[in-house]
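Below is one structure, written out as structure tokens; comments come after it.
The model shown is predicted, which means the values in this text are computed figures rather than measured ones. Order of appearance sets the numbers: ligands from 1, and atoms from 1 within every ligand.
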Amino acid sequence: MRANGHATWTRRRFLRASLSSLVAAPLVSRCADMESPAPLLPMNEGLRRVAETRSCKFGAAVQAGQLLAKSASARRFALECSSLTPELAMKWERLAPTGNAYDFGDMDRIAQFARENGMALRGHTLLWHRSVPRWARSLMLRTRQWHHVRDHIEVVMSRYGAQVAQWDVVNEPLEIGGRPDGLRQNVFLEAYGPQYIDWAFWAAHDYAPQADRFINEYGLEYDTAEEGRRRIALLKLVEGMRSRGVPVTGVGLQAHLDLRKGKVYRDGIYGLVRDLSGMGLKVAVTELDVHEADTSLSHAERDKRVADETARYLDVVLDFPAVRSVSTWGLSDQTSWLRYGEDSLQGNRGLPYDERWNPKPMRWAISRAFGGAGRTT
Ligand code: G3I
């Protein structure tokens, strides 16, 4: 993989020139199979149905409060999604903030809604450096005993293991500019060394052998030196895991698109997905949304730019049979982390629905990318 990844990187200028022919190469995808075009579905058909015609899933991140019975948000999630990802509820610090007991309330509500509506559930996330409760962090660093992590994995997987199809076992393990192997200097690495990733996957395999186990990563979409190095580091990480027999079965591409960085780098993304799927891994788009660059424009122009960037990205990844699911990081701008999180932009319009649950061009772009009907404006 080292040679393959390096070649992918150094060939990028040549690939750019011939990208369109590459993307049209003879890839037979169930998500965008040109041989058998999807039947035209009515405009109000949910994205889950459109995706289903290609044997794919469309999903979104959700907060438990958005699933209150008969609320507009719950109805939209039920109509549009065949997969749900808990945006907050499954994170360690949410489940066990104090260390005295686990509180499964929000997560149970999301799991129940998914069951009642025939949806898959993504297990996000078992290990993420940003969601470790303070008590667990100090215990890990003080004792360096792995069972503290393993116990957490056991508790969560024992409760939801029968329902979750894909687990984000380790979230965001990379950080460029530090260690030569690109691994993030996080609490797990400090306490247990780089082997913590392998151990976490083995533990996840023990508790839910039938499910898929993913590395989930961000910062892989643009033509910058850093994102190029992130693509290579990711390929090297999973190749190393595979060569050691570690049971990783998929990679999540978060896809937090960002118009401030220009346009998505299609040949870089193409090479990444090609190499991952060449290793036999599943690839999922897990957290799609778009950070805007210019909010001084009209809503129509802003929404068009967001939709165009979404289409540009999905057109590349959905050509691969390995990519069977697309999830956005929320459905409506109302609760988007791009409005309220760190690096936020007031009024950002980077999700399929606006804050009043009106569909936007991004929603139609996703529909068209799955081969369904879609307005152009
Ligand atoms: O709900 C409380 C509110 O009561 C309180 O007043 C407020 C004060 O800060 O905080 C609110 O909680 C915040 C929560 O988002 C809900 O908005 C938390 O502080 C904040 O940390 C939390 O951020 C979440 C972040 O993960 C950390 O868990 C984001 O919503 C969520 O979108 C984000 O998701 C991550 C993925 O898991 C991994 N990839 C990147 C992605 C975006 O950062």
Under a 4.0 Å heavy-atom limit, does [X] contact ligand 1 with its side chain, its backbone, both, or neither?
| X | value |
| --- | --- |
| Trp329 | side chain |
| Arg94 | side chain |
| Thr335 | neither |
| Trp128 | side chain |

Below 4.0 angstrom, N of the basic side chain to O of the carboxylate: do [X] and [Y] qualify?
| X | Y | value |
| --- | --- | --- |
| Arg159 | Asp108 | yes |
| Arg356 | Asp354 | no |
| Glu309 | Arg305 | no |
| Arg349 | Glu292 | no |
| Arg363 | Glu80 | yes |

Would you say the side-chain atoms of [X] and [Y] include a donor-acceptor pair closer than 3.5 Å?
| X | Y | answer |
| --- | --- | --- |
| Gln254 | Glu172 | yes |
| His147 | Asp151 | yes |
| Asn186 | Glu175 | no |

Can you find a protein heavy atom closer to [atom] than 4.0 Å?
| atom | result |
| --- | --- |
| atom 4 (O) of ligand 1 | no |
| atom 12 (O) of ligand 1 | yes |
| atom 43 (O) of ligand 1 | yes |
| atom 20 (C) of ligand 1 | no |
| atom 7 (C) of ligand 1 | no |
| atom 33 (C) of ligand 1 | yes |
| atom 40 (C) of ligand 1 | yes |
| atom 26 (O) of ligand 1 | yes |

Mutual orientation of the aromatic rings belonging to Trp92 and His152 [parallel < 30°, tilted 30-60°, perpendicular > 60°]
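If you compare the ring of Trp92 with that of His152, the planes turn out parallel.
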Could you check whether the rings of Trp128 and His124 sit parallel, tilted or perpendicular, using 30° and 60° as the cut-offs?
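Plane angle between 30° and 60°, so tilted.
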Is the NZ or CZ atom of Arg122 positioned over Phe214's six-membered ring, under 6.0 angstrom from the centre and within 45° of the axis?
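Yes - Arg122 lies over the ring of Phe214, closer than 6.0 Å to its centre and within 45° of its axis.
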So if I count the atoms of ligand 1 from 1 in the order they appear, which ones are less than 4.0 Å from some heavy atom of [X]?
| X | value |
| --- | --- |
| Glu287 | 36 (C), 38 (C), 39 (N), 40 (C), 41 (C) |
| Gln254 | 39 (N), 40 (C) |
| Glu172 | 38 (C), 39 (N), 40 (C) |
| Asn171 | 38 (C) |

Any atom of ligand 1 sitting under 4.0 Å from a heavy atom of Gln63?
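No heavy atom of Gln63 comes that close to ligand 1.
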Determine, considering heavy atoms only, which of Lys91, Glu87, Arg339 sits nearest to atom 37 (O) of ligand 1.
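Considering heavy atoms of Lys91, Glu87, Arg339, the nearest to atom 37 (O) of ligand 1 sits in Lys91.
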Quick one: which of Leu338, Asn216, Leu88 has a heavy atom closest to atom 16 (C) of ligand 1?
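Shortest heavy-atom distance from atom 16 (C) of ligand 1: Leu88.
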N or O contact, Glu342 vs ligand 1, cut-off under 3.5 Å:
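No, no N or O pair falls under 3.5 Å.
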Below 3.5 Å, N or O to N or O, backbone or side chain included: is there any such pair between Trp337 and ligand 1?
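In fact, backbone or side chain, Trp337 has no N or O that close.
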Determine, step by step, whether Arg230 and Glu227 satisfy the salt bridge (Lys or Arg N to Asp or Glu O under 4.0 Å) criterion, reporting the C-alpha distance in whole Å, the side-chain angles of both residues, the deciding distance to 0.1 Å, and the verdict.
CA-CA 5 Å; Arg230 293 182 73 84; Glu227 298 209 3; over 6 Å; no
Please answer whether the main-chain N or O of Gly105 pairs with a side-chain N or O of Asp103 as donor and acceptor at a distance below 3.5 Å.
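Pair found, side chain donor or acceptor close to backbone of Gly105.
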